[in-house]
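To keep things clear, I will list the structure first and then write my remarks on it.
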Amino acid sequence: MHLNYHFLKFLCPELHDKFQGAQVISCFSQNKDELVIGCVKGGSEIYIRANLLPTISCLSFPDEFKRGKRNTVSLFPELLNQKFSKIEVVNFERAFVCEFESGDRLLFKLHGTRSNILFYKYNDDIPARIFRNEIRDDHQLQIQDLPKNLDLSESNFFSLDGNAAKFLPTLGKIPREYLKDHGYIEASLDQKWTMMQSMMDMLDSPLFSIIKNKTEYSLTLLPTDQSIYQSENPIPACNELFRYLVVIQAFEKEKQYWLKGFEDQKKKTQAYIFKTIEKLNSLEIESPPSQLADVIMANLHQIPLGSEEIMLFNFYTGREELLRLKRGLSPQKFAENLYRKSKNRKIEIDQLYQNLADKEALLANIHDLMAELSKISHFKDLKSFVKQNQLLAKEKEKLEQVPFKRFQIEGFEILVGKSAKSNDEMLRYYAWKEDLWLHAKDVSGSHVIIKYKSGLNFPKTVLEKAAELAAYYSKNKNESIAPIIYTPVKFVRKVKGSAPGAVMVDKEKVMMVVPRGPQEQ
């Protein structure tokens, strides 16, 4: 409630004493939501610093302020060299007016997300300049329309049936919650009047406390045993609240943001590790297909031509078992397929172990980063931590939400689609006719795009590595070698009504590569 009328009525007399006769020597902004007015009085500098961020609107009145050499712009040139004559609160409003000896006025309208600062020339009703031009209604705002006269009599209170918001609309969130917590809603009308009188007495007492509610800092005029700062002077209270809101709260929010990001990443990594261990256990418990192939090859002479099932002795288990063969395949060919599946199964298990090791290393790194971040207590250290760990670059990549993974190979950009739908989106919005398109032959997989570089042919090494990625991100991932088709994007087209990721391809060429993931490039 630091922008509330009940606080401003204490603040403005103090500001009047502090700034009366002070001469404006600068008026500037270093970001689009903050205005700084520099003044000199009796040889000493004093400042008004108004932060009008929609999320954090607050004021401070420091005795010094270092203006940056860059990213700064001068504003309200009419104020330069003017001297303050008085500062007054607007009656029952979240606003105050600074009047200058010339008769010009500066209105601080402190309406939360619609806070603004407006400059009025002498005798003009319409503002000549406003700080936040995007608030269109303020271009016609007249100061004389702002003051309110409230009837705070007992008779009016009873006529409003004790409705606190109608009787005293300037209360604000904290006093309203205070009344609610003390049984105001259930109280009788007489009890409500007594509680309202007590509330108005507390709001007339100049004791200003800063409290913290979860992650938010607030100023209150109400009695509290949870204050982290108290003062009987509104200016120091305002300055201290500014520090908590703009510096400490901003730091805490950013730190919490990165901690939450690490926590989410930790949960996803732990879930992946759990599922991978389950899959590995399942694969290792099952008998490899090569055992069945060994039994078939050892008993070829007993298998009649065209058989689809037969009872054979399994020397691995030591018992007779019913073996089912595949229709249309000879026992030798069926066994050959089983040997290939067994080999692929071994490759899959090895890959899962590698993925598991990578994720466990990532989890350990996340734990280390969270421990380091938890100990940080200053903005400077936090910024250093973010920069050192390249968190902003990773966050930017994440926020882009592009439908592809991006790789760099010998200076060429390689795009790999994330899903069937993403393949379509990548081909439609991110690929150009001179780019090169690749895809695993006759199986589902990611579309891969090598971005064209003007005047350069695609090097063979780049083409081969992109093809390896296309094989890796396909159903042929676990094959020892895989065919990849490639052609310029201009020969790839989407057929209306076709399934996501499905395309028609002309003039393609084929190359054979070993599937390799990005960690093997």
Going by the angle between their ring planes, with limits at 30° and 60°, are [X] and [Y] parallel, tilted or perpendicular?
X: Phe65; Y: Tyr47; answer: tilted
X: Phe458; Y: Phe412; answer: tilted
X: His439; Y: His447; answer: perpendicular
X: Tyr430; Y: Phe404; answer: perpendicular

Would you check if there is a donor-acceptor pair between the side chains of [Y] and [X] at a distance under 3.5 Å?
X: Glu321; Y: Thr317; result: yes
X: Arg67; Y: Ser26; result: no
X: Ser342; Y: Ser290; result: yes

Indicate yes or no for a side-chain donor-acceptor contact from [X] to the backbone of [Y] under 3.5 Å, with no hydrogens or angles considered.
X: Asn478; Y: Asn344; result: no
X: Ser115; Y: His111; result: yes
X: Asn314; Y: Tyr316; result: yes
X: Thr487; Y: Lys507; result: yes
X: Asp435; Y: Trp432; result: yes

Under 3.5 Å, which donor-acceptor pairs link side chains of residues 367-380 to any protein atom two or more places apart or in another chain?
residue	atom	partner	partner atom	Å
His367	ND1	Leu363	O	3.3
Ser374	OG	Met370	O	2.7

Evaluate the criterion salt bridge (charged side-chain N to carboxylate O under 4.0 Å, His left out) for residue pair Glu425 and Lys418; output intermediate values, then yes/no.
CA-CA 10 Å; Glu425 189 177 345; Lys418 294 179 178 178; over 6 Å; no
What are the two closest heavy atoms between [X] and [Y], and how far apart are they?
X: Ile211; Y: Ser227; value: CG2-CA, 4.0 Å
X: Ala335; Y: Met297; value: CB-SD, 3.7 Å
X: Val462; Y: Ile409; value: CG2-O, 3.8 Å
X: Leu322; Y: Glu309; value: CD1-CB, 4.0 Å
X: Ala466; Y: Ile450; value: CB-CD1, 3.6 Å
X: Ser57; Y: Gly112; value: OG-O, 3.2 Å

Has [X] got its NZ or CZ under 6.0 Å from the middle of the six-membered ring of [Y], at an angle within 45 degrees of the ring axis?
X: Arg49; Y: Phe242; result: no
X: Lys359; Y: Tyr272; result: yes
X: Lys477; Y: Tyr472; result: yes

Between [atom1] of [X] and [atom2] of [Y], what distance do you get to the nearest 0.5 Å?
X: Met311; Y: Asn299; atom1: CE; atom2: CG; answer: 12.0 Å
X: Lys490; Y: Leu436; atom1: NZ; atom2: CG; answer: 11.0 Å
X: Ile56; Y: Leu241; atom1: CD1; atom2: CG; answer: 10.0 Å
X: Glu34; Y: Ser29; atom1: CD; atom2: OG; answer: 7.0 Å
X: Gln354; Y: Ile349; atom1: CD; atom2: CD1; answer: 14.5 Å
X: Glu468; Y: Tyr473; atom1: CD; atom2: OH; answer: 12.5 Å

Side chains of Tyr244 and Gln249, heavy atoms from C-beta outward: is any pair under 4.5 Å?
no
Are the side chains of Arg493 and Val503 in contact, using a 4.5 Å heavy-atom criterion?
no
Counting only heavy atoms not in [X], do more than 12 sit closer than 6.0 Å to its [atom1] atom?
X: Gln408; atom1: CD; value: yes
X: Asp506; atom1: CG; value: yes
X: Lys453; atom1: NZ; value: yes
X: Glu134; atom1: CD; value: yes

Might you work through the side-chain contact (heavy atoms from CB on, under 4.5 Å) test for Ile273 and Glu360, ending with a clear yes or no?
CA-CA 7 Å; Ile273 290 173; Glu360 287 175 339; 3.9 Å; yes
Can you check side-chain contact (heavy atoms from CB on, under 4.5 Å) on Arg406 and Ile414, steps first, answer last?
CA-CA 6 Å; Arg406 182 187 280 114; Ile414 313 296; over 6 Å; no
Hits for salt bridge (charged side-chain N to carboxylate O under 4.0 Å, His left out) against Lys333, two or more places apart or cross-chain, chain-then-number order -> Glu336
Checking side-chain contact (heavy atoms from CB on, under 4.5 Å) for the pair Val505/Phe491: CA distance, chi angles, key distance, verdict?
CA-CA 6 Å; Val505 184; Phe491 297 125; 5.6 Å; no
Partners of Glu308 by side chain to side chain contact (heavy atoms under 4.5 Å, CB included), sequence neighbours excluded?
Arg327
Evaluate side-chain contact (heavy atoms from CB on, under 4.5 Å) for Leu325 paired with Ile303, printing each intermediate quantity in order.
CA-CA 10 Å; Leu325 307 176; Ile303 304 174; 3.8 Å; yes
Are Lys260 and Glu263 close enough, and set up right, to give a salt bridge (charged side-chain N to carboxylate O under 4.0 Å, His left out), and what steps lead you there?
CA-CA 5 Å; Lys260 185 179 183 303; Glu263 186 64 39; over 6 Å; no
Apply salt bridge (charged side-chain N to carboxylate O under 4.0 Å, His left out) to residues Lys494 and Asp424 and explain how you reach the verdict.
CA-CA 8 Å; Lys494 183 77 180 172; Asp424 287 345; 3.0 Å; yes
Apply salt bridge (charged side-chain N to carboxylate O under 4.0 Å, His left out) to residues Lys212 and Glu252 and explain how you reach the verdict.
CA-CA 12 Å; Lys212 184 178 183 181; Glu252 290 175 348; 3.3 Å; yes
